[in-house]
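Beneath this line is the structure, given in structure tokens, with notes to follow.
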Amino acid sequence: MTSNDEYVLQLLTERGFLTPEQIDAASKSMKAENETTLDVLVSGGTIGEDEVLGTVADQFGLKYCHVNAEAINPEIVKEIPAEIAKKYGVVPVVADEYAITVALSDPMGYDAIDSLRYVLHGRDVEAVVSPKSEVMAAMAKLYEGGEDAADVQTRDEFADLNADATGDDAPVVKLATMLIVNGIKMKASDIHLEPMEKEFRVRYRIDGALRKMDSPPKRLQGAIISRIKIMSKMKISEKRIPQDGRIQINVNGKDLDLRVSTVPTNHGESIVMRVLDKSNLALGLPQLGFLSDDQTTFERLIKLPDGVVLVTGPTGSGKTTTLYACLGQINTPDKKLITVEDPVEYQMSGINQVQVNKDVGLDFSAALRSILRQAPNIVMIGEIRDAETADIAMEAALTGHLVFSTLHTNDAPSAVTRLLDIGVKPFLVASALRAAMAQRLVRAICEQCREAYTPTDRELKMLGQFSSTLPDKMYHGAGCDRCGKSGYKGRKGIFEIFKVDDAIQRLIFDHAPATLLRQRAREMGMRTLREDGMLKVANGMTSLSEILRVTMGDAD
């Protein structure tokens, strides 16, 4: 009856026309090979064809009406060739010099309308929905006598247009998939589908910045959201509370995972899909953007036999990518690695990964206690969120384990203050913590359109003490097709590595504030985030405006 019966059944259940029990009973009573559950429900009288088609038509913003061949002007029929009409199950019903209205039997066959617009050279095409039996009867009567030469020519145009069409013809299925695939091809890290008052906004986060894309028709908003929820294995009938799901997709031979989140808003459910690209696992420490001395320091830290190493920064600063790069570098057959994550974002070969499940009581602390009995050499905790998890992590480090984790702090020395604030004893922090590294992601200048320029007086004034250390010529991206006119392509990290020595241990024992810890670290040679960024500006890796943007709170 339609090109996506699963979606229609859920829609009818949501609208109150069917119950799960009726659907289950119909599913068990199917006999014919090509018979569907929806066919059984309609043929058995549980629901009428008018109710099914009318409901789905309404969902797509279309009108539902009956069609009669006797009432159709034969001249209108000439507007659409027989082959095209039969292929897509449509018949023309009304036409003028500007537009043509067709009746179709599948409310979800909206790709036929878009294709007809192409075949008719941009003429506006509207649609109404009618019962399949009536459309077929009208088609048989109106297209008696076969096709003429013009029909064949247009049919060939149409075949070329759809040469690469595969799988399900449902337009919503194709449109939802297209939104995802286009985002992936543009290297988006997140895909945002946002219901606004008068539009259904689509934005991609590319290199950390959101870009607005062409919006689908507002009337398809509900159908697209429902399709994404089906793909994510969410409940489409539940629109009052946030939901989380996951989509697995293959694009150009590459397997990708999408972490999907929905939130109810004033104008519908907002969806964000985070693209988890497994190729990121292949990133080594050099690809993250370390300068050579910081890379040497960090490689030494992650190869220590025990202790806690923290990566800090706000959400979206690349902490998880850095941790996975660390694990990839030290994952050897002679070591046992276990992670506790919420959620497990990437599947890594050779590593035991534990998914937090709060519904059954498996939170970070419970999972951490259990995995320590598995005798691991190295443990990675997705995030330290509470005192219990932090205490266990510190004690694990003191008993011979190397522990990696993340914290949400603005700079590296503040990791100590954060641990103390959540209730970890100073002696535990001082004894177990080996280092904390703060990081941010900055957009890298596009190599194709990079050009030199002289910084303005205003920029030099904003730089303050750093202005004397920079070269006379700076670089920025002029904007090109490769980078979408943004001047940037890809992202790199800037880092601040805070190492714990004897003097800092004594300060931690004394519960010293972060300012004193930072002062001591600077005396030891720690570069701040802004200083590291300025060196990368001097190297032409990123732009001055990027560093100023992400380190605006760095007073040093």
Side-chain angles (χ1 to χ4, degrees), residues 179 181-192 201-215 251-252 254 275 277 279-280 282-284 286-292 294-295 313-314 316-318 321-322 439-496 527-554:
L179 292 172
V181 171
N182 286 350
I184 291 169
K185 287 181 177 179
M186 294 179 71
K187 306 294 185 184
S189 60
D190 303 286
I191 299 170
H192 296 250
R201 186 169 66 182
V202 176
R203 295 193 290 175
Y204 296 154
R205 188 179 298 278
I206 300 172
D207 294 334
L210 283 169
R211 295 188 196 173
K212 189 176 183 299
M213 302 290 115
D214 290 337
S215 300
V251 179
N252 295 331
K254 181 188 291 186
V275 181
D277 187 347
S279 64
N280 289 338
L283 289 178
Q287 286 74 44
L288 298 179
F290 283 105
L291 296 176
S292 58
D294 274 352
Q295 183 176 329
S317 59
T321 300
T322 297
Q439 70 176 63
R440 299 289 189 278
L441 290 178
V442 296
R443 293 179 291 176
I445 297 173
C446 175
E447 293 291 337
Q448 186 164 308
C449 62
R450 190 178 78 156
E451 62 181 22
Y453 79 102
T454 302
T456 65
D457 291 340
R458 180 175 179 274
E459 288 174 326
L460 292 173
K461 183 177 181 181
M462 292 179 70
L463 285 171
Q465 62 177 315
F466 299 108
S467 60
S468 61
T469 65
L470 292 174
D472 294 334
K473 293 291 185 182
M474 313 277 279
Y475 291 91
H476 64 191
C480 63
D481 292 338
R482 180 176 178 269
C483 62
K485 307 297 182 182
S486 68
Y488 299 98
K489 187 69 175 178
R491 289 191 288 178
K492 296 290 184 179
I494 58 172
F495 305 95
E496 177 180 281
R527 277 197 301 266
T528 66
L529 287 166
R530 178 165 286 191
E531 288 171 338
D532 191 53
M534 289 304 162
L535 288 175
K536 288 165 183 173
V537 170
N539 291 342
M541 180 186 297
T542 188
S543 69
L544 180 60
S545 59
E546 269 295 283
I547 298 302
L548 293 176
R549 178 180 67 85
V550 301
T551 63
M552 195 58 71
D554 192 343

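Excluded from the calculations below are hydrogen atoms, water molecules and symmetry mates; all remaining heavy atoms, backbone and side chain alike, are included.
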What pair of heavy atoms forms the shortest contact from Y204 to L179, and how long is it?
-> OH-O, 2.7 Å
CD1 of I547 to CE of M541, rounded to nearest 0.5 Å, is 9.5 Å
Validation: residues 474-485 side-chain donor-acceptor distances under 3.5 Å, sequence neighbours left out:
from, atom 1, to, atom 2, distance (Å)
H476, NE2, E451, OE2, 3.2
D481, OD1, K485, NZ, 3.2

In Å, rounded to the nearest 0.5 Å, how long is the span from CE of M213 to CD1 of I206?
-> 5.0 Å
Return the minimal non-hydrogen interatomic distance between R491 and G316, and the atom names on each side.
-> NH1-O, 4.2 Å
State which residues pass side chain to side chain donor-acceptor pair (under 3.5 Å) with D207; sequence neighbours excluded, sorted by chain then number.
-> none
Do R205 and I191 come close enough that some side-chain heavy atom pair is under 4.5 Å?
-> no
Mind checking whether R527 and L291 have side chains closer than 4.5 Å, heavy atoms only?
-> yes
Write down the atom of R443, the atom of A209, and the distance for their closest heavy-atom approach.
-> NH1-CB, 4.0 Å
Under the side chain to side chain donor-acceptor pair (under 3.5 Å) test, residues paired with R203 that sit two or more places apart | E194
Qualifying residues under side chain to side chain donor-acceptor pair (under 3.5 Å), relative to S486, sequence neighbours excluded = R211
Measure the OG1-CG distance between T542 and L535 for me, rounded to the nearest 0.5 Å.
-> 12.5 Å
What are the two closest heavy atoms between G493 and K536, and how far apart are they?
-> O-NZ, 2.8 Å
Kindly write out the residues that satisfy side chain to side chain donor-acceptor pair (under 3.5 Å) with S543, not counting sequence neighbours, or none if the list is empty.
-> Y488, S545
Roughly how far, to the nearest 0.5 Å, is CG of D294 from CG of D532?
-> 5.5 Å
So do the side chains of L548 and R530 get within less than 4.5 Å of each other, counting heavy atoms only?
-> yes
Checking I494, V537, L529 against V442 for side chain to side chain contact (heavy atoms under 4.5 Å, CB included), the one that qualifies is I494
Rounded to the nearest 0.5 angstrom, the CZ-OG1 distance for F290 and T322 is 6.0 Å
Interatomic spacing from CZ in R201 to NZ in K212 - rounded to 0.5 Å = 7.5 Å
Applying salt bridge (Lys or Arg N to Asp or Glu O under 4.0 Å), name anything that partners R549, two or more places apart in sequence or on another chain.
-> E546
Would you find a donor on one side and an acceptor on the other, under 3.5 Å apart, between the side chain of R450 and the backbone of G540?
-> yes
